[in-house]
Amino acid sequence: MSKAVSVTRAVEMVPDGASLLIGGFMGVGSPHRVIAELVRQGRKDLTVIANDSARPGFGIGQLIDARLVRKLVTSHIGTNPETQRQMIAGETEVDLVPQGTLAERIRAGGFGLGGVLTPTGVGTVVAEGKRTIEVDGKVFLLEEPLKADFALLFCRRADYLGNLDYFLTARNFNPLMATAGGTVIAEPNEIVPTGVIPPDEVVTPHVLVDHFIEKGASHGR
Amino acid sequence: MSKAVSVTRAVEMVPDGASLLIGGFMGVGSPHRVIAELVRQGRKDLTVIANDSARPGFGIGQLIDARLVRKLVTSHIGTNPETQRQMIAGETEVDLVPQGTLAERIRAGGFGLGGVLTPTGVGTVVAEGKRTIEVDGKVFLLEEPLKADFALLFCRRADYLGNLDYFLTARNFNPLMATAGGTVIAEPNEIVPTGVIPPDEVVTPHVLVDHFIEKGASHGR
Amino acid sequence: MDDKVTIARRVALELREGDLVNLGIGLPTTVARYLPAGVTVHFQSENGIIGMAPVPEAGLEAEFLTDAGGGYIGAVPGAAAFDSCMSFGLIRGGHLDVTVLGGLQVDELGQLANWMVPGKMVPGMGGAMDLVSGARRVIVAMTHTAKGEAKVLKRCTLPLTSVRRVDLLVTELAVIEPTGEGLVLRERAPGVSIEQVIAATEAHLIVPESVPEMAIGAAV
Amino acid sequence: MDDKVTIARRVALELREGDLVNLGIGLPTTVARYLPAGVTVHFQSENGIIGMAPVPEAGLEAEFLTDAGGGYIGAVPGAAAFDSCMSFGLIRGGHLDVTVLGGLQVDELGQLANWMVPGKMVPGMGGAMDLVSGARRVIVAMTHTAKGEAKVLKRCTLPLTSVRRVDLLVTELAVIEPTGEGLVLRERAPGVSIEQVIAATEAHLIVPESVPEMAIGAAV
């Protein structure tokens, strides 16, 4: 059974109210076709977990513009004044998480770990309401794992089985999110026959990937 | 300043009583030239952290044979009767750790995390004397980070800067140990000019690597 | 049919198209030989690969492509190699569909002991504790008794591998499903009676009205 | 000399051969321009690369090679790309030699606030909390005052980025080293007097016998 699906079909799988891990850093390495289709289909009340919300009109910023996001778990919104406006107006809930902690929390969710013990945030507002654990005389914050109903990724190549690799700084959160989505959907820049990506260059093994977006009219640049 | 050193010089850096992370799984992906030189120079009272002790006469088994290991932290000694004999006779201290926990503890040590919260081992003898932490209704064991004075690795290629990649199942613990050694020494199968390993294929960035073993009379197979 | 073949053939019927499967060293490894025709599964070896394939013919061994026992293996097109954290992240994170492991003891709680005999044999747990704690489905493949001693017990006397209840026990005599109510006898081996299974078992077995023979046919 | 150039040039003198260095977006980024001749350092961008190089000439931008601000960058031979866990593992694990960040406030405890102004500006901490908690050496590069208001204070009034004491503060007026005893005035900018630095500073400054001028020369 092929994992290839159209971007329309992929987004039809996502219900209103779903939680989404979305890859990318300032839009670089985000699944832009999937995001555009989420907007077109008007999927709403979403919880989005992502490094940032890019900027208005671009990447995850498009979901913010269209007011499809109820809650955003992210490390940085400084580049998107619309996200800041919605947060201050109480229209969108924003949970700010240190970037390294966000990455580890997603990996912990995907790898079956109970949480992350990090020195980051100890003694700051980030620590409020959280447990601290002392190990070998040092204090760490217990940060809980993160998972979501879907992980929406961008990758360099997908082979027919669903093995993925990535491009330079477009890798960022994508391989981590691949471990932590209930359904994992990858938007590849290129689709290649099985075996084209050598075993040592596969970053995300195919067993983690449920679907990848096939080429379509909107593909290519 | 070149990171290339002779295997003799590399082992001269290791003092008696040092703690060593040694890569490899049943000897596959272990730094065999470095191990042989540790035996030749008779470095003793070592603490070795490694997945297993391979078998007598091979890989880490050579260190066991030569009685250079005071303490072994490992997941499996079933393939090395000499290790079992030394353990039962009280000659070598053996600390048995579940394999996935061992891997995460090393990564936690290398990545500045306070420990690992794992479901593995809860309710078993492995949990004795350890803290358990409940997160979201589930119980996890708190396993502490592991670091060592040295990490001794085997890799496929090292470039002149010290970027590393690996071969298939010879990868195993090597890239994790690269993060957690005070001094990291890699034994490459091949040395290549900087730039030969593409950025996306580098598994261990050069900043983690202090030295790599240059080619020598004993190189090749 | 050889006891071990009976076990391996029956276990093979549990594997589903597309499953990610980890087979322990020894008897469990042989399960791969008896996969039903047309079923493709992906074999993981916990030392760092998905897509392991049978030992290649002599002369084609790849120096750095081995299984968890250190033996040479092959790889299918589309295989993926990775480090030990990824390998056990897949296992612990619920991405591994099935693990098949050997056992020393299984008890009425469905708990497994398979990694040490205090004072006698201490090989270490290797990946077994992670596999039993983390896999979606844990199948124990073991002989029903050892030297006449029962291995399916009221309570394990050896140190547990995990407190998790395993999903299925397959022996040369029976298929037993551990449940919240206890051990349910699901199937008998060809030619074996319910009474024979009970006689070889220390644990109490729940016996449903129908206990069919294993559907493993007569020969390979 | 422009204030920001003064700061960047002075910070550049802190970088040592072979250092792994993370430069924050904005003023800190410009430090790379003033590296002393013959000193090679490795620049990390926390979105996932070591070996970032200046923006290439127009037309050579690589679509998927960007810095933490989303701007195009180049890469040196031997660059390495990786995911966000590796990137912050390097930072948190003590593998990053130096981070240079901007600041809103620094206080007598050497604590930094640089990520939010409650009710006004809440950009989020991005990687700043990890960088300040984890880097071996934290250098704050900021203007000494903002619109006439002191930024070097007895205690920060804004939310802290980390409770860790930063290692050095470089402004257009001074180089200040936070220590266990308090803030020590180490250097003055060219033509700036000790009294001018003290007047622009709310915090108490410990003034050693000798407070030399920054050795940044007269021009680029």
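A note on names: the letters A, B, ... follow the listed sequences, proteins ahead of strands, and every chain is numbered from 1.
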* Structure fact -> Across all chains, not counting sequence neighbours, the side-chain contact (heavy atoms from CB on, under 4.5 Å) partners of A/Lys147 are none

* To do: Among the options A/Ala54, A/Ala103, A/Pro98, pick out the one with the most heavy-atom pairs lying under 4.5 Å from chain D.
  => A/Pro98

* **For A/Glu82, salt bridge (charged side-chain N to carboxylate O under 4.0 Å, His left out) partners two or more places apart** => A/Arg85

* **Engaged part of A/Phe173 at the chain D interface, taking heavy atoms whose separation is under 4.5 Å** => both

* **Which of A/Asp52, A/Val122, A/Leu102, A/Val97 touches chain D most, by non-hydrogen pairs under 4.5 Å** => A/Val97

* Based on non-hydrogen pairs under 4.5 Å, which of D/Leu65, D/Thr161, D/Ile49 is most in contact with chain A? -> D/Leu65

* Asked: Highest number of heavy-atom pairs under 4.5 Å with chain D: which of A/Asn174, A/Leu168, A/Val203?
  -> A/Leu168

* Among A/Asn172, A/Ile88, A/Thr83, A/Thr101, which has the most heavy-atom pairs under 4.5 Å with chain D? -> A/Asn172

* Asked: Per the side-chain contact (heavy atoms from CB on, under 4.5 Å) rule, which among D/Val31, D/Val170, D/Asp2, D/Val140 passes with D/Ile7?
  -> D/Val170

* Asked: Any residues in residues 56-79 of chain A near chain D, with a heavy-atom distance under 4.5 Å, and which are they?
  -> A/Ser75, A/His76, A/Ile77, A/Gly78

* To do: Would you please test D/Asp167 and D/Arg164 for salt bridge (Lys or Arg N to Asp or Glu O under 4.0 Å) and show each step?
  => CA-CA 9 Å; D/Asp167 297 281; D/Arg164 177 246 181 93; 3.1 Å; yes

* Structure fact -> Contact list (residues 94-123 of chain D to chain A, heavy-atom gap under 4.5 Å, by number) returns D/Trp115, D/Val122, D/Pro123

* Most heavy-atom pairs under 4.5 angstrom with chain D, which of A/Ile106, A/Val125, A/Thr124? -> A/Thr124

